[in-house]
Structure formats: structure tokens, C-alpha cells
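Below: one structure, written as C-alpha cells.
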Amino acid sequence: VSGVAGAEPVEPPGERRAPGGAAAAESFDAFARRQRRPLVAFAWTLTGDLGAAEDLAQDALQAAWQAWDKVGSLDSPGAWVRRAVANRGAGHARRAGREHRALARLAGRPARAVELEPADHQFWAAVRSLPERQAQAVALFYLEDCSVAEIAEVLGCAPGTVKVHLHRGRHALAEALGLRVPERTGTGEEEHQ
Amino acid sequence: MSSSDEDVGVQTELDRRGREAAAALRRSIDTLVVDDANDAPVPPGPAVISLGQPTGDGGRRGARRWSLAAAAVAVVAAVGGAVALLASGDDGQAVRSRGPVDHLLPGPLPAGFEPVHAINIPDPAAMEFGFDIAIYGDPDTDDPWTATLAIAHLVADEELLGGPPSNGELVTVAGHDAWLRESEGIGGAWTGQGWEVEWQVDDGRLIVSGAVSREEILAAAEAASTEPAIDPSGLPDGYTELARGPFVDTMLFTSLFEGNIDEFGLGSDDGPGLAVTYADPSNRDAVRTAVVVAQHPGPTSAVDLLHLSFPDAEETTVRGHHAVIGRSSEPPGSAGAEGVVAVQWAEPDGQVVTVVGFGVAEYDVLRVAQGLRPASTDEIAALREERAVAAPRQFADLPEGQVVVATGESQTGQWRIVADAGSHENVGALTIDRMWGAIASTSSTTGDRVEPPLDLGADISDGTIVVWGVLWVDAASVTAEGPGGAPIELDTHEVEGWSHPVVADSLPIDHFDQGADVVIVARDADGREVARNSTVLGSGG
């Protein structure tokens, strides 16, 4: 299973552009410059806040730099930094987002924001409403065109687990976007009362 | 349509939405995230990022500083030492034993800003003065800092502390003589009158001070120890420890002591802390906007001590760490409309970082704080070497209609007396401008007449006293006279269009005996006194 068909090629975490040793030979400078925007985008899908996303991306890159001897020699350094972003968790990201918005508000300036059509904003807001791991899997699936194996590498779980996250996440996403009628839950007795 | 067909249709539509949303997001990110300095790889250095704390100087310092801090400043000034204080961690262990500090440098700075001054914050162990403090309050109240109870342990020789305490009501605390007196409180957050008790201990003083009743302060003092701590049995109901640590007033190293670096030995030794002032060197305004980044070893529990300097300080988060942010516009105009903004937090490696903005928008202060990065040893060494002394500053050009009457130099800066030539030599016609160090400055205009016919003003900063005013009588000379030094004749100056000359000159702050009455005397050509001013440099002036 790979990412959604037709997605534009981006910088996948699996380092398809520089697989294996090629990635290892890459300088951190080049790696950081190539990965920064995709990392910010991924972090934004989880936070909805550009400032927080930039911080998360920068922190992940800094962590990579500090361990570059190890990270740079991995098959997929890109997966490593995405995991660093994901592992910070939605809670941390939300706090960081509030922090940035508060700073902007205190300064009386509008916060920098990602400009999207309402439908696109709705899509990513729906992604963020998913449980944390589902949101991460779905974000990587759509944003980075990741395969199940690549998502599993980023999230540090089994491919089978990713399949479950993706299935449930996409199902819930379709419901949240009104593409599918929500399934009824409960015993059904409510309808008879 | 079958259920399966419906599922395929839903997934297809979902994927289409996802592709479009992803593409749009990538385009937007490409536009917003520019290739700037942040794109550069993180420079060599430890994985630490933190921020630090503040307060003003003589001109910029917030007016509502607490008495203990003021006392500490006085003591330190008397010693000729600095103010960094003993650093006790949460566990009572010396924080400074944790090892060298990992220094941080800013990423993006406000436009035009660059390092203009760097000084060390000395190792408390190398000094003979310590100031540990613990603050207690009721965390369940809306603002626990409005009614705090504090215990401070001043560690210093008795001589340094100015002799045994003696003012107030003599009481007995835990079997020892102690002095009880009313207090205006610890920190500006106090909303009412309070009390304090002071007594000698083996290595210095203990002071318990709080916005509590007389009975409560005495009970707290009975339960006090030199840790310093107050046993819960001596605390008012609901009180618990809010903050603890060495009281290191970072701004003392960046503003108040500007111009006194050599005098206090702050610029000589290699201290564990560092305070760097960033400003626009081309800014010739008397009030130079600046950002100061200061860091020194300290415990996390010390972060909230910023409340003592900023009554309305609030909790916030900086780089994921608990932080406190304070704002002050006092004294009015000292730092422009933006005032003083300070944010402080602790890094995991055991250092407290403070970022202070003078006249800088809060957004920019926090941006600097967020953007700090670890610095290499070489970077810090170069910074210390190149910026140990701030470059001399230049006054801005005067607006039309104003003329410079006199100029002079102080220890690290300069002063000038400006006359508004278009007005009479009366109230408000003369202004003194002073600037020294990286950001320090004062400016004031002659006010109400106090002691005619020799109405004078005086400004004491940067190791220099500047005396100025209008000489309303015919006199051949004007001299400053006092014990401990020879009389100094002060220059007088003519101002075109004015019928009386202007006295404007400076003298070293230590020329006469400290605290002595100094008088300014005007004499005629025969040496007869024709006017005298005994207030402007009098001991009570």
C-alpha cells in the first residue's frame, strides 16, 4: 500500500531521493535545507499553527544535528526527524500553538498563518480532530504520499498497526467531512424511546 | 449502488480532497517558510536552549523594587563586588557545582541589532556576598504574589552589611534579639503594608518580610532557618513555597552598573554567567532600544523570582519551559512606549536565562527568546573579548531652536546641556542629556525654582556629577566646595539672547567625601559670596 495515488511527489521520509548510503553521505546542511519545509508542513498538519510547526521542525532538526553521526548514517534520516516531530505529541503541539498565538496577540500583530481555501482548512482540521496516531498516519499518507511501511518507520510501529490507524482514520475523516453518513453507535434503543 | 461501490466512491472523493489539501498546504508552506538564517544548520554546541530575567537601572529600573533587593544593591556597591548570589538548588545543593554553563546566542534579532556589550556575571563563590531567598504564598488565591512572605539570607561580613541591625522594635525571635519594623513589602506585588523582622546569624543576616500581620510575621520568624526556609508551622494557613533561589538581578549587570564595570570588577574575571546587550549601534536616541540576554547558573525554582521585580508578571511558556514574563513602564518614558519586557525561565542543564527588552516590542523580545541557540566556546570567547566595553555613543542632532551650551565626558559616556534658545532662561529652558554604556541614559529639564538666585540641578550617573542651571546674579566665579577635596570651579557659559549665564560643569563623584554636604557658591570679582546653593549637592539632596 502506498500513499494516495496522484499525490504530488514531495520529500518522503524514506529518503527515496537519496536512499541508503546516499543519505548517509549527505551533509547535515543539505539535509536540513531539504527537509525543513516538509517538516514544517507535517508539523502544521498536527498543530494548525505555523509558529508552533516551525518550532517543532527546528527542534527536530536540532536534535538530528546533535546526533548526526548516528542519524546521518540511517537509511532514512527523514523518517527519524518526522518521528521526532510526531513524538512530541499533539498535546505539546497544541500548547506550543497557544503560546505562539498568545505572543502574536500580545504584540497586537496578526499571527502568521497558512493560507488555504476553506475546504482545505476543513480537511486538515478534520485530520487534527482524529486520535493522535491516526492523525499522524493520515497526515503522512496524504501530505507525504507515504507507504504503509514508511509510515510504520516514522511512527515506530508495525505495518499492521498503521493499516488499522489508516483505515479508522480515513473512515472517521470521511464522516467528519460529510462524505459518509456517520455510523450509528449504541444499542439503538434511543430511537425507540 | 452497492455498499462496496459507495465505499469506493467515498474513498475516491476523500483522496481527491486529501491531494488538493496537501498540495495547497505545500504551496503555502513554500511561500511562508523562507530560506533565512533559521535554515542554517544548528551550530556546534550543546543541546540547550534557554532564556533569562531582568529589571532596570537607575534610570530604567522599575520604581517598585523591593527593599531587600535595594539593600543588596547597596551592599554590593559598598563592597565593590557584583551581585550574583549564592546558588542553592531545590535540594539545597550548590547549583554552581553542576559544571560550566552552556551559553546561548540569539537567532533573529530586531532589525539593525547587534551585540554592543558583553559582561560576565561572576561566580558567587568568588564574591563575599550572597543573597538566597525563598518566597511563600497561597497558591489557591487568584494571585499568590500579592501577599507573599519571604525569607532572605544575606551572607556577608558584618562590616559589609553596615553593622548590626538596629532600627525598629527590639523583639526576641527563637531566643535571639531581632528587630521588627513595618515594611513596604517584598516586590511591587504587595497591595498593603507589611512587616519585616531582621536578625543576625553566624554568617550574615536573616530577614523575614511579608504582607502579613505583625503576629504572623513573628510566627514566621520563629520558624525560620538559614536554609533559608520557614517551617510550615510558622506559615499562615494555605501558604506554601512559591519560589526559591539566589536572587540574581540580571539587570544589575546590564544597566544599573553600566559605567561601573571596572569599579565593580565585573568585566575582569571569567564568570559562569554572561549578559549580552544587543542594540542598533547607529541609534543615536538618548533612550536606546535594546535587548539583553543574560544567563547564569540557577535552579528552576528561581524562575518565579521574576515576580519580585515585576508586580504584574504572568506565567507563560518559552520553548516548552515554564517561564514568567513581566512588563513595566516605570519610570515613565525611560524605555519609550514599549517599556521594559522581561521573560525568564530555566533550562534543564541548570541555568536561568533572562531576555529583557528595553523599548522593544514584546513580540520581538519573545522572538529573541524563542530563537536562542547553543553557542560554541569560540563564539562566546570572541563575544566577550570584542564587546567587553560598549562603544562610545553619540548624541543625536538637536532640533532647530536648541543649542548646546556645554558638553563633557563621564566614565564611559558623555553629557550635554541644551538650551532652548527661543525661550527665556527660565523654568524649562535647560535640559541635560546623558548617555553612557550600551543603553543607559538620562534626560531632564529644569523644573521649579528651588533656591534662587542660584537655581541648579544635578545629575549623578556614570561616576560623574553634572551640575547645571542659570546664574541669576552677577558673579565672577562659581565653585563646588565640600570636605575631602579641593574646591572645583564650575564653568559658566553664555547663551545667545539670554541675559544670564548658565552654569554647566561636571565633577567626579568621589571628589568630596561620600555623603558630605557639598555647596555651590557664587562669588564676585572680589571673592565675596553673592549666592549659595546648599541643596542640590547637600547630603539630604
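Order of the sequence lines sets the chain letters (A, B, ...), proteins ahead of strands, with each chain counted from 1.
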Highest number of heavy-atom pairs under 4.5 Å with chain A among B:R17, B:E20, B:E13 belongs to B:R17
Counting only heavy atoms not in [X] (residues, nucleotides, ligands), do more than 12 fall under 6.0 Å from its [atom1]?
{"X": "A:H167", "atom1": "NE2", "value": "no"}
{"X": "A:R133", "atom1": "CZ", "value": "yes"}
{"X": "A:E115", "atom1": "CD", "value": "no"}

To the nearest 0.5 Å, atom CZ of B:R26 lies from atom CD of A:E144 at 8.5 Å
Distance col, row A:F42:CZ vs B:I29:CD1, nearest 0.5 angstrom, shows 13.0 Å
Sequence neighbours excluded, the answer for side-chain hydrogen bond (donor to acceptor under 3.5 Å, both in side chains) partners of A:E117 is none
task = Compare all side-chain heavy atoms of A:D120 with those of B:L25 and state whether any distance is below 4.5 angstrom.
result = no
* Any side-chain heavy atom of B:V10 within less than 4.5 Å of one from A:H171? -> no
The ring-ring contact (aromatic ring centres under 6.0 Å, His included) partners of B:Y278 (sequence neighbours excluded) come to none
In terms of heavy-atom contacts, A:R170 and B:L14 come closest through O-CD2, 3.4 Å
Residues A:Y142 and B:A22: closest non-hydrogen pair is O-CB, 3.5 Å
